[in-house]
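Values below: every heavy atom of this structure, side chains too, minus hydrogens, waters and symmetry copies. Both counts, for ligands and for their atoms, begin at 1 and track the order of listing.
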Amino acid sequence: MSSTTSDIADPQAATRTVQGACPHDCPDTCALRITVEHGRVTRVAGDPDHPPTHGALCTKVSRYAERSYDPARVLTPLKRVGRKGEGRFEPVGWDAALADIAARLQAIAARDPQAVLPYSYAGTMGMVQGEGMAARFFHQMGASLLDRTICASAGGEALVATYGGKVGMHVEFFAQSRLILIWGSNPITSSVHFWNFAQQAKRAGARLIAIDPRRTETAEKCHRHIALRPGTDGALALGLMHELIANDHLDHDYLARHVEGWPALRERALQWPPERAAAVCGITPGEVRQLAHDYGSIKPAAIRLNYGMQRVRGGGNAVRLVALLPCLTGAWRHRAGGLLLSSSGWFKGARHDAALQRPDLLAGRKPRTINMSTIGEALNHPGSAEFGPKVEAVVVYNSNPVAVAPHSAEVVRGFAREDLFTVVLEHFLTDTADHADYVLPATTQLEHWDAHSAYGHTYALLNRPAIAPLGQARSNAGIFRALAARMGYTAPCFGDSDEAMALGAFSAEHVDLDALKSRGWAKLRIADAPFAEGGFPTPGGKAWADAPGLGLPDHVPNYECAESAPALAARYPLAMISPPARHFLNSSFVNVASLRAAEREPLLEMHADDAAARGIAHGAEVRVFNDRGEYRCKAAVSARARPGVVNGLGIWWRKMGLNGTNVNELTHQRLTDLGRAPTFYDCLVEVRAA
Ligand SMILES: Nc1nc2c(c(=O)[nH]1)N[C@H]1C(S)=C(S)[C@@H](COP(=O)(O)OP(=O)(O)OC[C@H]3O[C@@H](n4cnc5c(=O)[nH]c(N)nc54)[C@H](O)[C@@H]3O)O[C@H]1N2
Ligand SMILES: Nc1nc2c(c(=O)[nH]1)N[C@H]1C(S)=C(S)[C@@H](COP(=O)(O)OP(=O)(O)OC[C@H]3O[C@@H](n4cnc5c(=O)[nH]c(N)nc54)[C@H](O)[C@@H]3O)O[C@H]1N2
Ligand SMILES: [Mo]
């Protein structure tokens, strides 16, 4: 570790170790040790000293060097020569590319800057290469604002409506829990560092229970698995509350002192006996009773909730209901009890977001906001008084919307518009980059500075560049800095270096900046059991059963299910969920040969009964379809699928799919009850042998 600060200063040293941070959209945000030999990264390893990372990395990020040195990396600016979507480009120099892009954006902005749309998400979660210099650039322009809802905003707003912030347990203390509910989460795939703590607990005798429609790799290793129907978690939580009340597993003192609105919620829960909840969830009343008994009697009890269960119409209500369970039993009294969905709210005061993003550059202008989850609709909108101007230019960075956004047919139609000017900052020629007028080569985490907070633990991290940018790549911040200069933006903030921004990202009041610099990470100062005596970040310090402006939470059935849409369910009787593939990260890593080889091909897991009823054999090619489109993949007849539910794993690049599509060919653009988020797992389909 002594090596970290000086390494960069001595690039000739034969072997150096550089301290970094994993940039990916994952709760674990690992601290990295990068080995550089003669100027080339030869190893990316986990920092053994950083408690959540514990010296280990997932399979994907241990291949980060393979991804960075991939011969298919985009290393020069590219200009389109083919039709949109064809992916035919010719290399151009930076000067020519920047001059043309600046001129095109300037001409549009002169009419109405809101016709320019930034589109970005969490390709990197860094505060500098994410919404740092980019936000300054678009704020200065007065471009449309982007509502970044594609992943977590239903659950996030539900947490805020319950605890007043996106806060929860310290991940480390799950190791001391006696009962862990792993709810809507498959940590062996998506959060292996949490799984490490859960295994420690298991070895010490804790009981682990998975609540997930899919029999995941994780569910298999738990003591029990409750395979409920997608979108029925709110009903299950109400059934559990019924049983906690009926058997008096309540912490009356905690409820009286630290929860607002409990008497009304109690009345609602009493209308949900186990039989009713079980019928909605597609499980047995005995499973509801047993789960309530375990949750009410084993202490300390912790819930690891993840975003998988909020990608349905009622996702916000469901998260509110689950998040109240630890308030009923007083589980928060112990540091190994409570709940963790997100820890990002703990960083609220610590992150210098306003200084990095400079919303003040809007100077009183109030641009319209476009929801990233309905980008298909937005790009095809002709413009109106209500919507504002037609979108004429889109600048994409840290995201691959053509692959990841719902209702692909609409998204592709939008990005294929010949009158749309599209710039994509990327490492690779993704499905989205194929639609660009210009692709600009971006650096990877090995090549740039950044600062990171986390949403699954409570440490701030710093990422130092290990090597110089490959080819002509520039950091996102560097690209927006250069564009700003071309556009004539002269505010001094456009001169800030990446390094200065990274080092200034956190406040000294909340983060030990010396530790951050010397060791690469520093833990926030938060009490071990932050809500042992209430003190939630709501205005009155109480958790909200009855949230201001929202009323009581309730079970909200899916848009697409027999209860809400019987005629649709008759035509398309199977519910499709599309959770992460283990060797991909959303659509990242799909192009890394060794990882794609591990996933082999796009799969749809089906229960044997559903496959037999359709004459589908294991390994057969199938058509998965609904009114929105058709997706081809291979059937995996598997006990991982419950009857009536099919699992389409991972977000493949469309161009690597069997018929040039992926699961989002089938998903729709309707939004969640809270948070304006997509409902990827609220989707009915039918399947036939191809
Ligand atoms: N390897 C890998 N890791 C990842 C990702 C990846 O793509 N690959 N994605 C990253 C991202 S962006 C995120 S947001 C995080 C978290 O991403 P999440 O989407 O929370 O991912 P998972 O942990 O796989 O948990 C989702 C689980 O929820 C289940 N599920 C689906 N519908 C329901 C439902 O209605 N109710 C319940 N109870 N469960 C349901 C799925 O079967 C799946 O096992 O993971 C991150 N980590
Ligand atoms: N059907 C279905 N769809 C889903 C989901 C699902 O479960 N099912 N999950 C949803 C979720 S949870 C999320 S978070 C979204 C994720 O959607 P995205 O945020 O779009 O994530 P990725 O697909 O990983 O694409 C990120 C891109 O950013 C690029 N990138 C990485 N680092 C940098 C950088 O430093 N600079 C630049 N310029 N580019 C960089 C990568 O090469 C990659 O192509 O997808 C959502 N879509
Ligand atoms: Mo996500």
Side-chain angles (χ1 to χ4, degrees), residues 23-28 58-60 67 119-126 129-130 148 150-152 155 182-192 194 210-219 226-233 236 304-312 315 318 322 341 372-373 396-401 403-406 424-428 430-433 440-445 447-448 450 455-456 473 475-476 479 558 575-591 640 645 647-648 650-651 653 662-664 666-667 678 680-683:
H24 284 296
D25 187 353
C26 167
D28 298 0
C58 67
T59 321
K60 307 176 293 299
R67 183 180 184 278
Y119 194 97
S120 67
Y121 201 62
T124 168
M125 300 211 62
Q129 312 305 344
R148 292 185 170 79
I150 202 152
C151 169
I182 300 180
W183 197 324
S185 175
N186 179 14
I188 291 183
T189 275
S190 67
S191 182
V192 285
F194 160 76
I211 303 172
D212 195 311
R214 178 171 182 254
R215 190 162 186 83
T216 62
E217 301 81 341
T218 306
I226 298 183
L228 78 184
R229 288 195 187 104
T232 62
D233 302 87
L236 178 59
R304 182 55 168 113
L305 194 62
N306 216 332
Y307 289 108
M309 49 87 68
Q310 46 100 68
R311 307 194 202 291
V312 291
V322 175
L341 171 59
M372 72 184 306
S373 300
V396 180
Y397 52 102
N398 305 336
S399 186
N400 183 11
V404 306
V424 177
L425 285 61
E426 252 301 349
H427 300 150
F428 294 103
T430 60
D431 292 326
T432 305
L440 300 178
T443 46
T444 70
Q445 192 79 342
E447 301 149 62
H448 59 224
D450 222 326
Y455 63 95
S475 71
N476 288 348
I479 295 170
N558 280 0
M576 184 188 80
I577 57 173
S578 45
R582 184 167 181 179
H583 298 92
F584 302 154
L585 200 131
N586 301 318
S587 80
S588 298
F589 296 100
V590 177
N591 58 315
R640 293 208 187 279
V645 180
N647 313 320
I651 312 174
W653 285 14
N662 69 16
V663 282
N664 281 320
L666 305 170
T667 55
F680 292 114
Y681 303 170
D682 183 336
C683 178

Report the member of [options] with the shortest heavy-atom distance to [atom].
atom	options	value
atom 18 (P) of ligand 2	Cys26, Pro406, Ser399, Gly123	Ser399
atom 6 (C) of ligand 2	Ala152, Ser578, Gly308	Ser578
atom 11 (C) of ligand 2	Asn400, Val590, Asn586, Val404	Asn586
atom 30 (N) of ligand 2	Gln129, Gln310, His427, Glu447	His427

(message) For atom 10 (C) of ligand 1, what's the nearest protein heavy-atom neighbour? Residue, atom name and distance, please.
(response) Asp25 O, 3.0 Å
(request) Write out the residue and atom name of the closest protein heavy atom to atom 43 (C) of ligand 1, then the distance separating them to 0.1 Å. (result) Asp212 OD2, 3.3 Å
(request) Decide whether the shortest distance between a heavy atom of Tyr307 and an atom of ligand 2 is less than 4.0 Å. (result) no
(request) Find all atoms of ligand 1 within a distance of less than 4.0 Å from any non-hydrogen atom belonging to Cys151, and give their numbers and elements. (result) 14 (S)
(message) Quick check on contacts: which atoms of ligand 1 are under 4.0 angstrom from a heavy atom of Asn306?
(response) 16 (C), 20 (O), 23 (O)
(message) For the backbone of Cys151 and the side chain of Gln310, can you confirm whether one donor and one acceptor N or O come within less than 3.5 Å of each other?
(response) yes
(request) Indicate yes or no for a side-chain donor-acceptor contact from Asn662 to the backbone of Ala403 under 3.5 Å, with no hydrogens or angles considered. (result) yes
(request) Measure the distances from the heavy atoms of Tyr455 to every atom of ligand 1 and state whether one is below 4.0 angstrom. (result) yes
(request) Just jot down the ligand 2 atoms closer than 4.0 angstrom to any heavy atom of Tyr121, in number order. (result) 14 (S), 19 (O)
(request) Check each atom of ligand 2 against the heavy atoms of Thr430 and keep those under 4.0 Å away; list them by number with element. (result) 44 (O)
(message) Both conditions, 6.0 Å and 45 degrees, for the charged tip of Arg311 above the ring of Phe680: are they met here?
(response) no
(message) Determine whether Thr443 and His448 satisfy the following criterion, side-chain hydrogen bond (donor to acceptor under 3.5 Å, both in side chains), listing intermediate values before the conclusion.
(response) CA-CA 7 Å; Thr443 46; His448 59 224; 2.7 Å; yes
